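These numbers come from a predicted model, not from an experiment. All chains are named by letter (A, B, ...) in the order of the sequence lines, taking the proteins before the strands, and each is independently numbered beginning at 1.
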Amino acid sequence: MSESRYDDATLAAYLEGLLPEGEAAELVLAAQADPDLAARLALAERMLEEPVLGPVAPPAQLEAWLRSEVEQAATTLAEEGADEPDLLAGGLDLEQVEAAARRVAEEVFAKVGGSTGTFDPGSSGTSFDPNSSSSNLRSTGVFDKKFLALAREVKSLKEQVEKPAAPSGDVVGLLATVEFKQAFDTKINQVLGYVKSDVVPRAVKKALEEQQS
Amino acid sequence: MTRKTISESGVLRAQAGDADSLEDLALAFLPRVYGLALRLTRDAQTAEEATQETFLRVLRNLGALKNRARLDGWILRIATNVVRDMARRRGREQPLTYEPPAIDAARDDFEAARQKAIDLALGELSFEERELFLLHTVEGMRLKTLAKTHKLTLPAITSKVHRTRAKVRAKAMKHMRAAGAIS
């Protein structure tokens, strides 16, 4: 008897919230009184449970074609990226690191606007830990993954720089490493100081202005 | 076949031209893109062409992708646009040659029968309905994103998606019942 009144389409409509409230309530009552209807309803519910459909195995020739295209594309991308600062390469340009961090920070805070009031990248520049899940930046919900990735890269570089230099016997090389380390620390602090003292106050001011208007 | 994922750092390396990372990325998405194209177009040849065109665009523009966390949505949107363009160009001449595997009530467990039934049900929908179902319910694209790409309000797209899902549920149940997979 429930079959005729509640067909599959009606059960499906109910599950998608498409039935008017009254009809939905009637169906629920009917299902409570009719085990067969309840079973059909449960079955309809299972129809779209995850995973709904899996990926399809592509033809072998398509995969072969894609591999050859990837090879060409990798060359092009590597060439295109040659003008960008390679933050992980040995030839580090600190000016470029700072410029990149500044640019990303500006983008981030321009984007998030008013929700940056509690952001504090740390009391001192070097104490900011981009890998920490308790970072203020993350907890405000305003963190930008691009900025975080950059911060991680900078931190990783910093850790590399802070490793004791291997004794090489080359005094000139050792001095260069120490100088390099100092210069790098200075630049990192400048980047984080800029974010804290310049970008954040501007974002907070903007948020306050928006609230007042 | 399980769905592979790519980390953001993997995408970053691929963008920098690291061949291994780029290959990982491309091959991880190949079954998804091909599956989406096949289920949308219902034709293997068209799906293959659409997949090639999609990856040409992906590889050409990957370097410019800024939001690496949204790689999935970005690639799937490209694939959908490519398929839609192809379908529009071919119009009614579009062949529908793809036949999903039939339900075998004696061998298939509920999950296998259900997947086949849904695939069969998709063939009875319009292109737009298939697109909404595949992008939202199968690929997990958010309603907000769909509203934007379809130039509809959120309530309008929500309603469309739910109506489509209801249709798929009902049709899939019919297929399962007809095959004897459920009583």
Next item on the list: Start with the C-alpha distance between A/Glu45 and B/Arg169, add both sets of side-chain angles, then the distance that settles salt bridge (charged side-chain N to carboxylate O under 4.0 Å, His left out), and finish with yes or no.
Entry: CA-CA 8 Å; A/Glu45 201 165 2; B/Arg169 273 186 208 269; over 6 Å; no

Checklist line | Gap between atom CG of A/Leu18 and atom CZ of B/Arg163 - 0.5 Å precision | finding: 7.5 Å

Item checked: Sequence-distant partners of A/Ser68, side-chain contact (heavy atoms from CB on, under 4.5 Å), two or more places apart -> none

Check: Checking heavy atoms, do the side chain of A/Leu66, its backbone, both or neither come under 4.5 Å from chain B?
Finding: side chain

Next item on the list: Rounded to the nearest 0.5 Å, what's the gap from CD on A/Glu49 to CD on B/Glu111? Could you check?
Entry: 8.5 Å

Checklist line | Proximity of residues 112-120 of chain B to chain A, residues having a non-hydrogen atom under 4.5 angstrom | finding: B/Arg114, B/Gln115, B/Ile118, B/Asp119

Notebook entry, point to check: Charged N to carboxylate O below 4.0 Å: is that the case for A/Asp8 and B/Lys171?
Noted result: no

Notebook entry, point to check: What are the two closest non-hydrogen atoms of B/Ala170 and A/Ala12, and how far apart are they?
Noted result: N-CB, 4.0 Å

Notebook entry, point to check: Which pair of heavy atoms, one from B/Ala19 and one from A/Val70, lies closest together, and at what distance?
Noted result: O-CG1, 4.0 Å

Report, one line per pair, each donor and acceptor closer than 3.5 Å where one atom sits in a side chain of residues 51-65 of chain A; sequence neighbours left out.
unit_1	atom_1	unit_2	atom_2	d
A/Gln61	NE2	B/Glu48	OE1	3.4
A/Gln61	NE2	B/Glu48	OE2	3.1
A/Glu63	OE2	A/Arg67	NH2	2.9

Next item on the list: Evaluate the side-chain proximity of B/Glu23 to A/Glu71: yes if any heavy-atom separation is below 4.5 Å, no if none is.
Entry: no

Checklist line | Approximate separation, where rounding is to 0.5 Å, of A/Leu77 CG and B/Ser21 OG | finding: 11.0 Å

Next item on the list: Please state whether the side chain, the backbone, both or neither of B/Arg60 comes within less than 4.5 Å of a heavy atom of chain A.
Entry: neither

Note to self: Can you give me the closest heavy-atom contact between B/Met173 and A/Leu43, atom names plus distance?
What the structure shows: CE-CD2, 4.2 Å

Check: With a 4.5 angstrom heavy-atom cut-off, which part of B/Leu36 approaches chain A: side chain, backbone, both or neither?
Finding: neither

Item checked: B/Ala44, part contacting chain A, at a heavy-atom distance under 4.5 Å -> neither

Next item on the list: Not counting sequence neighbours, which residues clear side chain to side chain donor-acceptor pair (under 3.5 Å) with A/Arg46? List them please.
Entry: none

Notebook entry, point to check: Tell me, side chain or backbone of B/Leu22 under 4.5 Å from chain A's heavy atoms, or both, or neither?
Noted result: both

Next item on the list: Tell me, out of B/Val168, B/Leu25, B/Leu56, who's got the most heavy-atom pairs with chain A below 4.5 Å.
Entry: B/Leu56

